[in-house]
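Down below is the structure, laid out as structure tokens.
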Amino acid sequence: MSSRGIADKVAVISMGCTKFGERWDSSTDDLLLEAVGECISAVSGLSLDDVDAYWLGTLGSGQSGLTLSRALGTEDKPVTRVENYCATGSESFRNACYAVASGAYDVVMAVGVEKLKDSGFSGLLRADPPSDGTAPELSLTAPAAFSLLDPAYCAKHGVDPAQMREAMTHVAFKNHSNGSRNPKAQFRSPVSREAIDGAPKVAGRLGVFDCSGVSDGAACALIVPAERATEYTDRPMYVKALSLVAGSARGSMDPGFDFTTFPEVVRSARDAYQQAGIDDPNRQLSLAEVHDCFTPTELILMEDFGFSERGRAVKDALAGEFDADGRLPINVDGGLKSFGHPVGASGLRMLYEAWLQFQGSAGERQIRDARTALTHNLGGRPGGCVSFVSIVGTELGVLRR
Amino acid sequence: MTAKLIGYGSYLPRYRLAGSDIGLRRGDRVVASFDEDSTTMAVAAARSAIESHDLPDHVYFATSSPAYGDKTNATAVHAALGLHPQAFAGDVGGTGRSTIAALRLAASSGGLALSADVRVGRPGSADEKLGGDGAAALLFSEGPAIADVVASVSSTSEFLDRWRAPDSVTGQQWEERFGAERYGDLITAAAAATLDQAGMPEVDHVVLACPNSAIVKRAASLIKGAVSTNTSPIGFSGTADAALGLCDALDRVEPDQTILVVSAVDGCDTVLLRATDPVSNARQRQSLRLQRDGGLPVSYLTYLAWRGLVEREPPRRPEPDRPAGPPAARAADWKFALTGSRCRECGFVHLPPARVCRECGVADSMSPVPVSRRGGTIVTYTVDRLAYSPSPPVVQAVIDVDGGGRCTLEIADAEPDRLAVGARVGFTFRRLFTAGGVHDYFWKARLADSAETEES
């Protein structure tokens, strides 16, 4: 695939993010107002009237642009609702960026929201069209689909299942440790390795702590042309790369697919690196927020992004290389593990961490001299998914760490 | 009767209810799994019977536990077997008598006589204790015959021995001795008339089917075969009872020996057959007695939940939507016959079928690939404790099919401890769930030693 990208054409000048969690007392509207309010009020002299257009990402907490325009009370502004599985929030950001880059609008807001806790069910719900009743995803839940990675990875790379289990536990331990330092996370208590190992099993070897939580949340970003960014803020966040890949779901039918990689992620990472001019992600990135929906997913993503060599992710993770103080901090905000996964909001929540890190506002989590970040979402399941990758940075021009 | 009996097959579910749970002094009871019904079991028996034969032009399906009313159940069997659209498939419903009706129809036109039943009794009842679930298929065609029909008689008698309201899953019985007396006379008379008609002094094997358990107990004293006298080896199995007994006899009969099938249900019907030389080479792959041996234990509580006699706490997940009519009809080849498509350009196999090749991108250049009789290998698998299921947990596996293709299916009769990457499976037609009164029929994989597979 080839894409020219829009490196350095647009910039984020403000962001907002609600506290994620079981927000029993907040409606979808309340969450939207909370995130948008934080974002707008952070820019002096700017009001909602100055926003020319909106993109709203939500999987199932509303339909159409009216979900946002009604909540905010905006009159006659263009609002586009988008949905792209777990990349829904990122998709709203991507399209909003393109709207600015095209010159169509000067100030665009990307918003994402999801209100999951009103359903009364565990995990994500699907709104499938009427079907013949044969698709495996109709019955197989997401944790089960991703649990397929574990035995396949062990078999392919000759990893002792006990060591794989240890690495999965480390991913959960690390992300919960990170989340304990984030006031907006759903779960703010560190979790012991023993608790992670001993948790009730959900699917395969995945226990409760191997799975991201279920929460409510919203987040948003305000985007303007790069050349106008400093009119609003001293520290804009420049968009270096945006890539989206939707796979043909070939892996679900192809005996050549071995459940130890996400080809869609590999392709979108390659595309994003090329757009941003990255040839050594381990040196050029300050942090990465990746889609840790389940612990084995994060391990495999380390290889798909080139952060680890093939077959090395387990060792690298256990060596602490992706810890908050490691060579490349992964999910330093706590990730989906600590935030839960309100689908429409998650991608923007990841960008919000990059924003805070770039502002020097990440508190206890602050990474020294953070300049470049990668965010990533994966929607679907092994064998067929959408993958989104963004790269953002603090400076125009060539990336450096 | 113009067509010949050329093949047969029986199917018994894998699960066994411990005798100690239902008041049996020894042994156990054969019970259908939660994802089996009369239709799926009939498919399994039919697959066994037609294994090495041409596809039949007629299917007559007898059951007293139909999956649907107001909708022909034989059509799902027809679809699962991949029969020609012009082949006839119809239901004959009600009792063990319906099996005789199906058999006579098939013997007249050629085709398959199927019988299958899930026998449900109230907890603690004789039906629970003495019944069994299973299916049998008898295939008739021009020949060569494995057994010739040499005589057949019938008598009909209206009296109240057993009955069941159409909307009830459990039936009732009058004082047993009343029916036993009636049936005793009917059986003796019909057997004598049959021997008369055939001009034989005695027969080698007797198979007696009767819903009255006092008759079953007295079988050997009522009519005695020179070699054997048997009733169904799984207990009373409704419409399948007489046919299962016949399958059992066909598993063992020697050429030139005779089998007298006596079905005493609201009268008495007999069929007298004489085995031919080809029978020795036409036995089903696994005999009914072997099918009866072993099995997987199921707890009494789980069994009661399967039959809807107790309601267990479900996972905190939504129930599935009912399968929709138009999509199911459009996908009938896949859903009912497990037929995918192979790209004519590059050979890539698509399960389910696709119009655009995932490998080479060419559109609309596909040929159908039926895979239900092939084997497969587990690539990876999982036990899903969160998913909705009529009987959690859901066990699913990614399967590479012999000869090409990959799909993800549920595992039927799952023994999670025996699952392994590389394990061999076959395919079995099952009912995934029922929603909105619609049964979601589709195929599952089953570990190979317990599935009916062919090497591809």
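Naming: A, B, ... by sequence-line order, numbering from 1 per chain.
Heavy atoms of other residues, nucleotides or ligands lying less than 6.0 angstrom from CZ of B:R322 number 12 at most. Counting non-hydrogen atoms of neighbouring residues, nucleotides and ligands closer than 6.0 angstrom, the NZ atom of B:K71 exceeds 12 such neighbours. Atom CG of A:D258 has more than 12 heavy atoms from other residues, nucleotides or ligands within 6.0 Å. Counting non-hydrogen atoms of neighbouring residues, nucleotides and ligands closer than 6.0 angstrom, the CZ atom of B:R316 reaches no more than 12 such neighbours. Residue A:Q163 qualifies as enclosed at atom CD: its count of foreign heavy atoms under 6.0 Å is above 12. Within 6.0 Å of atom CD in A:E22, more than 12 heavy atoms from other residues, nucleotides or ligands are found, so the atom counts as buried in its surroundings.
Contact of A:S131 with chain B is made through the backbone alone, with heavy-atom distances under 4.5 Å. Of the atoms belonging to A:S252, it is backbone heavy atoms, and not side-chain ones, that fall under 4.5 Å from chain B. Contact of A:A249 with chain B is made through backbone and side chain together, with heavy-atom distances under 4.5 Å. For B:W334, the part lying near chain A is the side chain, with the backbone staying farther off; criterion is any non-hydrogen pair under 4.5 Å. For B:P320, no part lies under 4.5 angstrom from a heavy atom of chain A.
Residue-level contacts of residues 344-359 of chain B with chain A, in order of numbering, are B:F348, B:V349, B:H350, B:L351, B:P352, B:R358, B:E359; threshold 4.5 Å between heavy atoms. Residues of residues 386-398 of chain B that come closer than 4.5 Å to chain A, counting heavy atoms only, are B:L386, B:A387, B:Q396, B:V398, ordered by residue number.
Ranked by heavy-atom pairs under 4.5 Å with chain A, the list B:W443, B:F442, B:Y381 is led by B:F442. Interface summary for chain B: among A:P255, A:G251, A:S119, A:P200, the most heavy-atom pairs under 4.5 angstrom belong to A:P255. In terms of non-hydrogen atom pairs under 4.5 Å with chain B, the most contact-rich of A:G120, A:G383, A:G133 is A:G133.
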Walk me through whether B:D440 and A:L138 qualify under side chain to side chain contact (heavy atoms under 4.5 Å, CB included).
CA-CA 11 Å; B:D440 189 29; A:L138 292 178; 5.8 Å; no

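Counting all heavy atoms, side chain and backbone alike, A:A203 lies closest to B:D384 at CB-CA, 4.1 Å. Closest approach of B:T380 to A:P151, counting heavy atoms only: OG1-CG, 3.4 Å.
Using a distance-only test at 3.5 Å, with no hydrogens or angles considered, no donor-acceptor pair links the side chain of B:T382 to the main chain of A:L148. Of the possible donor and acceptor atoms, one in the side chain of B:R406 sits under 3.5 Å from a partner among the backbone N and O of A:F257.
Applying the ring pair (Phe, Tyr, Trp, His ring centres under 6.0 Å) test to A:F146 and every residue at least two apart in sequence or in another chain returns A:F294. B:F336 pairs by the ring pair (Phe, Tyr, Trp, His ring centres under 6.0 Å) definition with nothing, not counting sequence neighbours.
The distance from the CE atom of A:M253 to the OG1 atom of B:T408 is 10.0 Å, given to the nearest 0.5 Å.
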